[in-house]
J.: 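A single structure is presented below for examination.
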Amino acid sequence: MTPLFWFAVVALGAASIRSVLVSDTVAEAHRPAVVGLALVTTAAMACGRRVPLPALVVIYVSGLLACLLEPTIGAGAPVQSIVVAYCAGRRTDGARLVAALAASCVLFAVTRALADWDMAFGAFVATIAASILGPAALGRGVRDRTRLRTMLQARAAAEEADRQERTSRALLEERARIAGELHDVVAHALSAMVVQASGARLFATRDEERASAAFATVERTGRDALFEIRSLLGVLREHDDLGSLEPQPTLDHLPALVHRTERGGLPTSLRTDGVPRPVPSGIALAAYRAVQDALRAARDQGGAGRAEVVLVYEPSGLRLTVVDDGPGARTALPV
């Protein structure tokens, strides 16, 4: 706004001085004084952004004095008053603004009474509204809108900072809780594994059946603990995403894996034999990863044009077979 304001000051000041110099109605004896008053009006307008109320009064006092010297030149309110009245409404309020606007209206009314020109009452009111009251009201509205926008921005910034603080605090609390759970899981699993391993060592030479059962318990406990630890660490990752919060894949996710492989350019089919039954989560995860790695190798490195995944539920376990038509031998994966 500053360049535009100073352009208006220079343009209106030059226009005022030029109108006095080329006017045929201004007496030569009064011309220097009128030009000086035009310069005073221009200077008052230049100060209008900093001290708008005194500048507005000075503009109308200068207009009144010019009208006293040459009544024919007071044909209306000074144009500079529009800019200064806007600045007054923008930068001041309260009784000072009301007093300055009232004084300007009175000075303009006196100038109208002394001037050698005829103006209807309606035109007089319209001139006051257009040169004093309207610009001041516009400046007041812009100021209130600017204050409201600043207040809303400050409130939004404060709410955002508070939300981020609450989120960070909740995240730290959740991480602390999960860390505690992780400690409990590790401590419990290791304690159980140590106890079972000690028992298995004692029964290894005397009771092979009990030793085998103890070793199976150690294996199962280790697998379950590994799964829980992996799940907890996935939540504790610094850069969490949606995938890290999803459950670990199981055999139920094989159709989705086959579909993604087909979308990646390798036609793949899935066949299941036997009666499906629940399997431990660790085994299901290992089977899924094995199929995933085999399909990735067939697509990216094996030069295959088609692949088939066969899942067989056997009485003693699972058997996964991934077959493709690329170079290489058939691989069966017992689980």
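As the structure is a computational prediction, the values presented were derived from the model and not from experiment. Both backbone and side-chain heavy atoms feed into the values below; hydrogens, waters and symmetry mates do not. When a residue number appears, it is its place in the shown sequence, counting from 1.
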J.: In this structure, would V35 and V58 fall into the same cluster of hydrophobic residues linked by side-chain contacts under 4.5 Å?
T.: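 Cluster IDs for V35 and V58 differ.
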
J.: For the residue pair P52 and V84, what are the closest heavy atoms and their distance?
T.: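 In terms of heavy atoms, the two residues are closest at O-CG1, 3.4 Å.
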
J.: What are the two closest heavy atoms between I82 and A130, and how far apart are they?
T.: CG1-O, 4.0 Å

J.: Would you find more than 12 non-hydrogen atoms of other residues, nucleotides or ligands less than 6.0 Å from R155 atom CZ?
T.: no

J.: Take atom CZ of R277 as the centre, draw a 6.0 Å sphere, and report whether it contains more than 12 heavy atoms from other residues, nucleotides or ligands.
T.: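 For R277, atom CZ is crowded (more than 12 foreign heavy atoms under 6.0 Å).
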
J.: Would V279 and V309 show up in the same hydrophobic cluster when neighbours are defined by side-chain heavy atoms closer than 4.5 Å?
T.: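 Yes, one cluster joins them.
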
J.: Please answer: with hydrophobic residues joined when any side-chain heavy atoms are less than 4.5 Å apart, are L133 and L53 in the same cluster?
T.: yes

J.: What about L270 and V291, same hydrophobic cluster or not, with Ile/Leu/Val/Met/Phe/Trp/Tyr joined at side-chain heavy-atom distances under 4.5 Å?
T.: yes

J.: Can you name the nearest heavy-atom pair linking L251 to A287, along with the distance?
T.: CD2-CB, 3.7 Å

J.: Check Y288 against L254 and note the closest heavy-atom contact, atom names and distance.
T.: CD1-CD2, 3.9 Å

J.: Indicate the atoms forming the closest heavy-atom contact of A100 with L56, along with that distance.
T.: O-CD2, 4.4 Å

J.: Give the minimum heavy-atom separation between L295 and A307, together with the two atoms involved.
T.: CD2-CB, 4.0 Å

